[in-house]
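First up is the structure itself, then whatever we jot down about it.
Since the structure is predicted, the reported quantities are computational estimates derived from the model, not experimental observations.
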Amino acid sequence: MNIENYLKIGISVSVSLFCFDQNKKKVLLTKNNKSPFLNANMLPSKLMEQNQSIEEVCKIILKENIGNSDVYIEQLNAFAKLYRHPEARIIDIAFYGLVNIENHNIKLNKTNYAEFYDIDEKPELAFDHDEIIEFALKRVKRRFKYRPIGINLLPDEFTLNELENLYSSFLGKKFDKRNFRRRILEMDIIKLVNKVQKNPVGRKSNVYKFDEKKYKNYSKHGF
């Protein structure tokens, strides 16, 4: 057995970073600056060096593309189809993340062409990155069903309409407004803020924020 044959495998790290902006779910994309697929859109990704951990590479990717590595991140899965990279044997360790553009002081790296794209209108991506995004969205959807997740995507203060739009977008379904609000209020995970917000037509809406103690409890134990 020649051990060198087993060492000719590279490892990359990719990040599917989602945000909720203008009532749309979006994902961060960059452009590939080398072959193969030169100038193609892709997920932010990076090859891992021998002295790095996958978590370190993930933080580097975030820092280089949005200027902030202190965001919600989870390891997603390994993607290892034989010919996923046409020039080498590369296994990708994928992460997904959730971010609020304003709360996390996001500064997109225009040199890397980093930009948030509407998921429903994004271009076709290089490698198997479309498959990775699809897998990541299924994970996020499952999280939405069983644990609170909005604190990572919404501003600190929000209306019930904004919260409903968030759930509707990521779960891909329309809710009965009255039932949705009743269910959310029954969970007692949000609390009323002493202010109102006007929508574009001048109608006033109550403003809420998450109860962090109860939010953490639901995050740990589920609904």
Side-chain angles (χ1 to χ4, degrees), residues 4-22 24-102 104-141 152-153 169-170:
E4 291 186 0
N5 291 334
Y6 295 89
L7 300 178
K8 296 176 182 179
I9 297 176
I11 296 176
S12 64
V13 174
S14 66
V15 181
S16 299
L17 188 65
F18 301 112
C19 75
F20 187 63
D21 183 44
Q22 297 177 333
K24 294 180 179 180
K25 59 180 183 290
K26 297 182 178 182
V27 64
L28 182 68
L29 301 179
T30 62
K31 281 194 175 181
N32 192 17
N33 60 6
K34 52 186 175 295
S35 65
F37 309 117
L38 180 65
N39 294 326
N41 290 98
M42 61 185 290
L43 286 171
S45 59
K46 201 174 189 68
L47 286 169
M48 185 177 73
E49 298 180 7
Q50 287 186 343
N51 62 345
Q52 292 177 315
S53 69
I54 56 175
E55 291 81 10
E56 288 172 334
V57 179
C58 182
K59 287 184 177 294
I60 292 171
I61 291 171
L62 293 169
K63 193 70 175 178
E64 287 183 352
N65 288 284
I66 65 170
N68 185 1
S69 61
D70 186 22
V71 301
Y72 179 85
I73 289 290
E74 276 191 27
Q75 188 174 331
L76 184 65
N77 203 35
F79 292 81
K81 287 183 178 178
L82 190 56
Y83 298 110
R84 62 172 303 276
H85 193 295
E87 293 184 350
R89 185 75 168 104
I90 306 292
I91 296 173
D92 186 73
I93 308 299
F95 288 77
Y96 83 90
L98 306 171
V99 68
N100 179 280
I101 295 176
E102 294 181 4
H104 292 98
N105 193 27
I106 301 302
K107 297 178 181 177
L108 296 175
N109 186 346
K110 297 302 182 181
T111 303
N112 289 354
Y113 298 95
E115 184 178 346
F116 282 100
Y117 283 76
D118 182 344
I119 290 177
D120 296 326
E121 299 177 1
K122 69 174 180 58
E124 185 177 352
L125 305 184
F127 306 107
D128 54 356
H129 290 188
D130 286 303
E131 178 184 344
I132 294 175
I133 289 177
E134 183 178 350
F135 193 98
L137 282 172
K138 288 179 180 178
R139 173 73 63 85
V140 174
K141 187 174 183 177
N152 303 294
L153 292 162
S169 178
F170 276 90

Within 6.0 angstrom of E124 CD, more than 12 heavy atoms from elsewhere: no

Residues forming a ring-ring contact (aromatic ring centres under 6.0 Å, His included) with F170, sequence neighbours excluded: F144

Those residues that, when tested against N105, pass side chain to side chain donor-acceptor pair (under 3.5 Å) (two or more places apart): none

Partners meeting side chain to side chain donor-acceptor pair (under 3.5 Å) with E131 (sequence neighbours left out): K81

Side chains of L98 and E74 in contact at under 4.5 Å (non-hydrogen atoms): no

Approximate separation, where rounding is to 0.5 Å, of S169 OG and D118 CG: 8.0 Å

Side-chain (K46) to main-chain (V57) donor-acceptor, under 3.5 angstrom: no

Which donor-acceptor pairs under 3.5 Å do side chains of residues 10-18 form with protein atoms, sequence neighbours excluded?
{"from": "S12", "atom 1": "OG", "to": "D92", "atom 2": "OD1", "distance (Å)": "2.7"}
{"from": "S14", "atom 1": "OG", "to": "D92", "atom 2": "OD2", "distance (Å)": "2.6"}

Within residues 55-77 or reaching into it, pairs that qualify as ring-ring contact (aromatic ring centres under 6.0 Å, His included) - sequence neighbours excluded: none

Main-chain N/O of A114 paired to N112 side chain as donor or acceptor, under 3.5 Å: no

Salt bridge (Lys or Arg N to Asp or Glu O under 4.0 Å) partners for E115, two or more places apart: none

Counterpart residues, ring-ring contact (aromatic ring centres under 6.0 Å, His included), relative to H85 (two or more places apart): F127

Interatomic distance, L28 atom CG to Y117 atom OH [nearest 0.5 angstrom]: 9.5 Å

ring-ring contact (aromatic ring centres under 6.0 Å, His included) partners for F79, two or more places apart: F135

Atom pair CD (Q52) and CG (L47), whose distance is rounded to the nearest 0.5 Å: 10.0 Å

With D130 via side chain to side chain donor-acceptor pair (under 3.5 Å) - residues at least two apart: K122

Nearest non-hydrogen partners of G97 and I73, listed with the distance: CA-CD1, 3.5 Å

Chi angles and distances behind the side chain to side chain contact (heavy atoms under 4.5 Å, CB included) call for F116, V99: CA-CA 11 Å; F116 282 100; V99 68; 3.9 Å; yes

Within 6.0 Å of CD in E56, more than 12 heavy atoms from elsewhere: yes

I66 vs H104 side-chain heavy atoms within contact, under 4.5 Å: no

CG on N68 to NZ on K59, rounded to 0.5 Å: 9.5 Å

Can you list, pair by pair, the side-chain donor-acceptor contacts under 3.5 Å of residues 32-43, counting residues two or more places apart and other chains?
{"from": "N32", "atom 1": "ND2", "to": "K34", "atom 2": "O", "distance (Å)": "2.8"}
{"from": "N32", "atom 1": "ND2", "to": "P36", "atom 2": "O", "distance (Å)": "2.6"}
{"from": "N32", "atom 1": "ND2", "to": "F37", "atom 2": "O", "distance (Å)": "3.2"}

Heavy-atom closest contact (P44 atom, I61 atom, distance): CB-CG2, 3.5 Å

Exam field: side chain R84 to backbone I90, donor-acceptor pair closer than 3.5 Å: yes

Residue list, side chain to side chain donor-acceptor pair (under 3.5 Å) with K141, at least two apart or on another chain: none

Spacing of CD1 belonging to I132 relative to CG belonging to L137, to within rounding of 0.5 Å: 12.0 Å

Flag side-chain contact, heavy atom, 4.5 Å: L29 against P123: yes

Partners meeting salt bridge (Lys or Arg N to Asp or Glu O under 4.0 Å) with K26 (sequence neighbours left out): D21

Heavy-atom side-chain proximity of N100 to N152 below 4.5 angstrom: no

Distance, nearest 0.5 Å, that separates CG of N109 from NZ of K63: 12.0 Å

Verdict with supporting geometry, H129 and S45, side chain to side chain contact (heavy atoms under 4.5 Å, CB included): CA-CA 10 Å; H129 290 188; S45 59; 4.0 Å; yes

